[in-house]
Number of protein chains: 2
Amino acid sequence: MPPLSALRAFSALVEAGSVVAAATQLGVTHAAISQQIRALEKALDLQLVSRVGRKMELTDAGRHLAEGVRRGFGEIQRAVEDVTDEQRQRPLQISTTSMFASSWLVPRLGSFRLAHPGVDLVLDPSPALRPLEPGGFDAAIRHGKGDWSGLEVELLLPAPLIVVASPELLDQANGAAPEGLAGLPWLSELEQNEASLFLSRQGVEKLACPGSVIHLPGNLMLEAARAGHGLAVVTETLVQADIDAGRLQIAMRDVSERAYYLVTRPGLQRPALRAFCKWVRREASVTPGRIVAAPRT
Amino acid sequence: MPPLSALRAFSALVEAGSVVAAATQLGVTHAAISQQIRALEKALDLQLVSRVGRKMELTDAGRHLAEGVRRGFGEIQRAVEDVTDEQRQRPLQISTTSMFASSWLVPRLGSFRLAHPGVDLVLDPSPALRPLEPGGFDAAIRHGKGDWSGLEVELLLPAPLIVVASPELLDQANGAAPEGLAGLPWLSELEQNEASLFLSRQGVEKLACPGSVIHLPGNLMLEAARAGHGLAVVTETLVQADIDAGRLQIAMRDVSERAYYLVTRPGLQRPALRAFCKWVRREASVTPGRIVAAPRT
DNA sequence: TCCATCATGTAAGTTTTTCTAACATTTTGG
DNA sequence: CCAAAATGTTAGAAAAACTTACATGATGGA
């Protein structure tokens with residue numbers, strides 16, 4: 001094994017993109033970095049970077065090594081942070097979709113705070129699956145098919161996508177066959193989320209009349225749907241109560257098998273994260289995704 | 001971040017289990033280790049090991065840190081080996097079940113060697129999912145439900161378990177209803193494999209008469225089955241040719257959804273491994289698991 | 001085209017870290 | 001209860017990593 005300090009210098013060089021930047025990052029002079037890189041290349045008997053003019057470029061071997069070393073140091077850094085006091089109290093950062101957050105997670109948070117009073121939570125309702133970097137997000141709850149490679153994926157709730165609207169609106173659409181839906185306005189979230197992909201898969205752009213798509217924030221969409229302002233694509237699990245109460249009716253359903261997944265980094269988890277995952281699992285099993293009757297019998 | 005050398009000393013200490021052993025492992029004196037551990041604990045302001053007499057014991061924080069650091073250094077070590085061994089051409093080590101190896105993998109290996117002449121393969125037909133440690137196995141092909149956490153899992157071939165026997169034997173058993181099978185001898189592999197778990201799940205020990213289970217090496221089992229020596233539990237995919245040719249007939253089938261999976265470590269893969277995985281994927285898609293007619297129509 | 005500027009490469013000397021050697025301390029097994 | 005074996009501790013030696021200082025080469029604007 002080559003000296004670790006040389007590997008760290010190399011990792012910093014790749015991350016920072018230049019020798020001086022890497023030096024600043026590690027709090028040393030550029031000469032230190034330069035020497036370490038040279039020593040590393042000599043120790044491995046291998047060229048890692050090649051310079052064309054002022055531009056730095058990685059060789060294939062360099063790229064491979066950089067990626068592995070970055071991961072390795074990341075893992076170590078995370079482990080160190082986990083046991084260090086400052087990070088012990090760092091709040092759990094959970095990334096999730098805004099709809100899941102408002103409809104499922106937030107209403108249950110009281111139970112979590114009761115069970116784990118010492119753990120602070122930060123919910124980040126973001127559209128995309130944020131990278132679970134060290135120091136960043138601890139876990140994510142995502143909607144999809146569970147095919148995220150390189151991550152620990154655990155099924156929480158089966159959540160097929162459905163199209164809902166208020167009963168009045170559907171009656172008005174006369175039968176609510178797919179063709180009948182064409183004339184109705186669509187409610188769509190501002191950001192990309194679990195539903196927008198469904199809309200594009202189904203070719204809703206073509207179905208809907210121009211000007212009949214209303215964009216609005218996710219948390220307001222359900223209210224708009226209940227008020228009869230249009231069709232909304234949602235996950236069945238989250239609007240079960242509305243359906244049962246007759247406030248919303250199912251107009252269409254997706255055939256693909258989608259669900260909410262708990263996504264974490266493989267490997268170690270700090271105690272607070274373990275507690276959160278355990279809690280989410282239990283909450284999800286208490287309220288399993290129910291199988292409802294066929295739409296519009 | 002504490003000094004990396006201290007972390008490595010700590011990692012070695014945990015791995016080796018004692019200060020002297022760790023010192024030997026790193027090629028230094030015991031004093032060096034002792035000092036590094038002390039420095040690390042001071043830097044983290046945290047107790048990592050606690051001694052009761054001569055016995056060393058890890059604290060909770062120590063255990064957590066040790067695990068993370070071990071993973072991290074492992075990842076780094078692997079990356080380094082990948083780029084240094086690229087010249088040395090360490091052979092790919094593939095762990096798989098003996099039946100899959102003999103019936104599927106080996107017959108296709110010619111195509112792989114043709115496509116990648118420079119890559120040496122080592123097949124290890126072992127019953128259990130070997131740990132994919134750095135320097136050890138690169139990939140495994142396993143039979144199961146794909147629920148291996150912490151590993152990259154990719155479905156290769158749907159492979160339901162079935163019970164087969166020669167047509168003559170089944171005729172003799174008169175109808176081959178599950179009850180009719182009770183009197184027939186069972187063929188079983190010596191080692192644990194994809195079939196033995198099925199046997200125990202189905203309670204075959206009770207079904208079969210005492211003395212009527214023949215244990216033999218996996219590669220001989222199919223021949224024995226063809227020769228009419230007994231019932232064999234196999235994956236459908238691997239005996240499709242025998243069934244089509246009428247040499248074997250299906251007597252029972254498992255209901256659970258099982259398949260062969262390509263299992264790798266998450267993260268980086270060296271070029272030879274990437275090539276192998278790609279090849280396996282293509283081979284598997286060329287010969288997809290066919291859906292056959294119901295058994296014994 | 002040329003020169004100022006900026007990023008990097010190199011070498012010698014200094015600082016810092018890490019290791020060893022030697023000795024002290026503690027525990028275990030006979 | 002003592003010898004052996006493992007660990008803890010310290011001062012000084014060895015090794016490493018870093019800084020300073022200077023050299024080289026590329027870039028871009030005058």
Side-chain angles (χ1 to χ4, degrees), chain A residues 1-59 61-63 65-66 69 72-73 76-77 80, chain B residues 1-59 61-63 65-66 69 72-73 76-77 80:
Chain A
M1 276 275 275
L4 290 169
S5 58
L7 287 169
R8 190 165 57 158
F10 176 62
S11 181
L13 172 65
V14 175
E15 244 178 87
S18 88
V19 177
V20 271
T24 335
Q25 186 178 312
L26 294 183
V28 294
T29 59
H30 69 96
I33 303 292
S34 186
Q35 285 175 107
Q36 294 283 29
I37 302 300
R38 194 145 39 94
L40 182 60
E41 289 190 323
K42 194 178 164 193
L44 295 176
D45 191 25
L46 196 65
Q47 196 178 6
L48 298 172
V49 292
S50 68
R51 324 209 128 274
V52 268
R54 188 179 290 184
K55 200 80 182 173
M56 185 192 75
E57 219 158 302
L58 288 170
T59 63
R63 214 182 335 275
L65 183 66
V69 166
F73 282 132
I76 291 172
Q77 188 191 333
V80 169
Chain B
M1 274 276 276
L4 289 169
S5 58
L7 287 169
R8 189 166 59 160
F10 176 62
S11 181
L13 171 66
V14 175
E15 242 178 271
S18 87
V19 177
V20 272
T24 332
Q25 186 180 311
L26 295 183
V28 294
T29 58
H30 75 270
I33 303 293
S34 186
Q35 286 174 106
Q36 294 280 31
I37 302 300
R38 199 145 37 95
L40 181 61
E41 289 191 322
K42 195 178 164 192
L44 295 175
D45 190 24
L46 195 64
Q47 196 179 2
L48 297 171
V49 291
S50 69
R51 319 207 132 278
V52 267
R54 188 179 291 182
K55 198 82 183 174
M56 184 194 74
E57 219 158 302
L58 289 170
T59 63
R63 213 183 334 276
L65 183 67
V69 166
F73 283 130
I76 291 172
Q77 187 190 333
V80 169

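Note that the coordinates shown come from a computational prediction; the quantities given were computed from them, not determined experimentally. In what follows, chains are A, B, ... by sequence order, proteins preceding strands, each numbered from 1.
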(request) Examine distances only and state if a side-chain atom of A:Gln47 and a backbone atom of A:Ala61 form a donor-acceptor pair shorter than 3.5 Å. (result) no

Inter-residue atom distance [X].[atom1] - [Y].[atom2], 0.5 Å rounding:
| X | Y | atom1 | atom2 | result |
| --- | --- | --- | --- | --- |
| A:Gln35 | A:Lys42 | CD | NZ | 12.0 Å |
| A:Leu13 | A:Leu7 | CG | CG | 12.5 Å |
| B:Leu46 | B:Leu65 | CG | CG | 8.0 Å |
| B:Leu40 | B:Asp45 | CG | CG | 11.5 Å |

With a cut-off of less than 4.0 Å, is there a side-chain N or O of [X] near OP1 or OP2 of [N]?
| X | N | result |
| --- | --- | --- |
| A:Arg38 | C:dG9 | no |
| A:Ser5 | D:dA17 | yes |
| A:Thr29 | D:dT19 | yes |
| B:Ser18 | D:dA6 | no |
| B:Arg51 | D:dA6 | no |

Can you tell me how far [atom2] of [N] sits from [atom1] of [X], to the nearest Å?
| X | N | atom1 | atom2 | value |
| --- | --- | --- | --- | --- |
| A:Leu4 | C:dT18 | CG | C1' | 13 Å |
| A:Ile37 | D:dC18 | CD1 | P | 11 Å |
| B:Ile33 | D:dG8 | CD1 | C1' | 14 Å |
| A:Gln36 | C:dT8 | CD | P | 16 Å |
| A:Leu26 | D:dT19 | CG | P | 10 Å |
| B:Leu48 | D:dG8 | CG | P | 13 Å |

Side-chain donor-acceptor contacts of residues 27-34 of chain B below 3.5 Å, not counting sequence neighbours, with atom names and distances?
none

Counting heavy atoms from C-beta on, name the nucleotide in [options] closest to the side chain of [X].
| X | options | value |
| --- | --- | --- |
| A:Ala32 | C:dA11, D:dT9, D:dC18 | D:dC18 |
| A:Val19 | D:dG8, C:dG9, D:dC18 | C:dG9 |
| B:His30 | D:dT7, C:dA7, C:dT20 | D:dT7 |

Collect all protein-nucleotide pairs involving nucleotides 26-30 of chain C in which both atoms are nitrogen or oxygen and the distance is under 3.5 Å.
unit_1: C:dT27; atom_1: O2; unit_2: B:Arg54; atom_2: NH2; d: 2.5

(request) Tell me which of A:Ala31 and A:Pro3 sits closer to the 5' end of DNA chain D, going by the nucleotide each one is nearest to. (result) A:Pro3

(message) Using a 4.0 Å heavy-atom cut-off, does A:Gln35 contact any base of the nucleic acid, only the sugar-phosphate backbone, or nothing at all?
(response) base

(message) Just to verify, what does A:Ala21 make a side-chain contact (heavy atoms from CB on, under 4.5 Å) with, not counting sequence neighbours?
(response) A:Ala16, A:Ser18

